[in-house]
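Sequence lines set the chain letters: A, B, ... in the order given, protein chains first and strands last, and positions in each chain run from 1.
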Protein chains: 2
Amino acid sequence: MGRDTEGTGTLGKAMAVLEVVAMAERPQRFTDILMALRQPRGTLHRLLGHLVEEGLLVQRPDLSYEPGLRLLKFAYRSWSGNRFREIAAPYLLKLHQLTGETVHLGVLRETEIIYVDKVESQQTVRMSSQIGKASPAYCTGIGKAALSVLPSSELQRISARMEFRPFTPKTHRSAETLYAEIAEIRHDGHAFDREEHEAEICCVAAPISVPDHDLIGGISVTGPSYRVSLAQLTAWAQDVRKAAADIEEELRIRSGPGRETGGETPRVRSDAQRPR
Amino acid sequence: MGRDTEGTGTLGKAMAVLEVVAMAERPQRFTDILMALRQPRGTLHRLLGHLVEEGLLVQRPDLSYEPGLRLLKFAYRSWSGNRFREIAAPYLLKLHQLTGETVHLGVLRETEIIYVDKVESQQTVRMSSQIGKASPAYCTGIGKAALSVLPSSELQRISARMEFRPFTPKTHRSAETLYAEIAEIRHDGHAFDREEHEAEICCVAAPISVPDHDLIGGISVTGPSYRVSLAQLTAWAQDVRKAAADIEEELRIRSGPGRETGGETPRVRSDAQRPR
DNA sequence: CAGGCTTGTTCCAGTATATGGAACTATGTT
DNA sequence: AACATAGTTCCATATACTGGAACAAGCCTG
């Protein structure tokens, strides 16, 4: 063990706590977090105190913890200033008009897909139902599409961390079957979700990859099985691929030499050397 | 100096970095952050590396930094599971139907109001335009309303940190004039924003305070000056106050003995003793 | 195109700060 | 009343953060 020595010290631990609290359905008590993280009591206690003081967590009267609002503030800028989202938006809309179904934009982060934007019919939904929601990559269309464009070493590393929880009867249960499907996806250029995450829900997705930005994600068209057949999804596949390719290209253009939305003189070095 | 010794150590510094990057209009470069925080180069460099590794920041090809998506993921739960928002939602809607104008729900955090929800006419807006947005408390309706229910020691502490940036000709420029208005607000039970933050925009607001949750915020009805007169706002004031009072009461009921949305057995102690 | 300037990266000794085991207090259970 | 459970505090120790200073690399400017 001790292979990947969380190089981020205190910060890493703090984020691990946030992760536990934010991903839990209900407010977490001290002991819940303690057991989830297996940190020493003293350490965790101090850490929680700090997180509360920083406004990242809030402690309720019954002493349990839930995510604090400061996170919302941070996320606002993270979302509203996101160029990926801005650039993709019109293409999402176009896809929605073409298909009449819900369109998602998502980004791969470790083993998860984080949904960044969404276009759906009934615009009654606010904070668009699941912007910011994270779903496992191995059982979602965008997730598998994104995985398919990963260098195989990365795919290896990431899939090693997956849990393969069986959400439906059709969910992948091991890396092996996932790899097999990813091989297909690499060939086809698009991925399906055949009710693997939620029953009665399926989608087609295509990957978007911009190495310069370390950005890997994708877009998808999603619908209920009773209305959207696999044949229908297959028919849409090329449109989805086209949209993905267009977004990818525009991102490349508008980031490299570009100015525009915070273009800034690109002082590219011989090789990307980030803090390590 | 050195009065309030940021008790949160490493975490505090990391959040200060996030704050700088998230609040800046454009991506921040190393030196920008360096000057904003006046931390030693080595320290900051390592910290940025950690933040990137954790996905809280993203480094662009030109080496500048912008907020990472992981923040969006955290915020999703922070918002979707927020009881304050859930409970207030129907009252916001009612106020909107009554007035026809935009209704906001906000929470006070230090010197800022963070907007948590919003109801407006044209529901075309997604991620509702400014959910998660933070505005200064001293020049917004909800902000001043919230400040008015603070114990005066707290008001003192918080207002000492304010910057009193003059957004419009009518913005408060010092704590003195603000205090004077707050005295009025305490008496009336509601606050106005008379084009103090944005020209041509005004609002009425009422405070919401639930000490058990350390929750102080408010709701407001906002409109453009050409359509909404001060007299009109004054007429709405009692409705806003009523809504605020109703929300406050429901929060008290549903949190104390309540079960419901993660009610949990309230193990209230002799005195609230949080980690310090 | 050489010299100065700005920006970002790396190194390392010193020490402040986080660590974590263990004892303690408070609350609820048998 | 004794036990069990949940949360809080304490403190010697060492790890991980600190921050000055040197280094590397792009960028002017004369």
| message | Near DNA chain D, counting only heavy atoms under 4.0 Å, which residues of residues 34-44 of chain B show up? | response | B:P40, B:G42, B:T43
| task | To the nearest Å, give me how far apart CG (B:L11) and P (D:dA16) are. | result | 17 Å
| task | Under the ring pair (Phe, Tyr, Trp, His ring centres under 6.0 Å) rule, collect the residues that match up with A:F30, sequence neighbours excluded. | result | A:H45
| query | In whole angstroms, how far is the C1' atom of C:dG8 from the CZ atom of B:R60? | reply | 17 Å
| Is any NZ, NE, NH1 or NH2 atom of the basic residue among B:E110 and B:R157 found under 4.0 Å from an Asp or Glu carboxylate oxygen of the other? | yes
| said: Tell me whether the rings of A:F164 and A:Y138 are parallel (<30°), tilted (30 to 60°) or perpendicular (>60°). | reply: tilted
| query | Pick the nucleotide of DNA chain D nearest each of B:L47 and A:D32; which residue has the one closer to the 5' end? | reply | A:D32
| Between the side chain of B:E248 and the main-chain N/O of B:S209, is any donor-acceptor distance below 3.5 Å? | yes
| request: If the plane angle is over 60° it's perpendicular, under 30° parallel, otherwise tilted; pick one for B:H104 and B:Y115. | output: tilted
| field | Side-chain N or O of B:T10 closer than 4.0 Å to phosphate OP1/OP2 of D:dA16 | value | no
| field | Whole-Å gap separating P (C:dT10) and CG (B:L48) | value | 13 Å
| Of A:F30 and B:K13, the one whose closest DNA chain D nucleotide lies more 5' | A:F30
| said: Distance alone, cut at 3.5 Å: any donor-acceptor contact between the side chains of A:E53 and B:T8? | reply: no
| request: Salt-bridge test for B:E86 and B:R83: reply yes if a basic N is under 4.0 Å from a carboxylate O, no otherwise. | output: no
| message | Any side-chain N or O of A:R46 below 4.0 angstrom from OP1/OP2 of C:dT19? | response | yes
| query | C:dT9, C:dT19, D:dG7: which one has an atom nearest the side-chain heavy atoms of B:H45? | reply | C:dT9
| request: Please report, rounded to the nearest Å, how far the C1' atom of C:dG8 is from the CD1 atom of B:I33. | output: 12 Å
| message | With a cut-off of less than 4.0 Å, is there a side-chain N or O of A:T31 near OP1 or OP2 of D:dG7? | response | yes
| Between C:dT19 (C1') and A:H50 (NE2): distance, integer Å | 12 Å
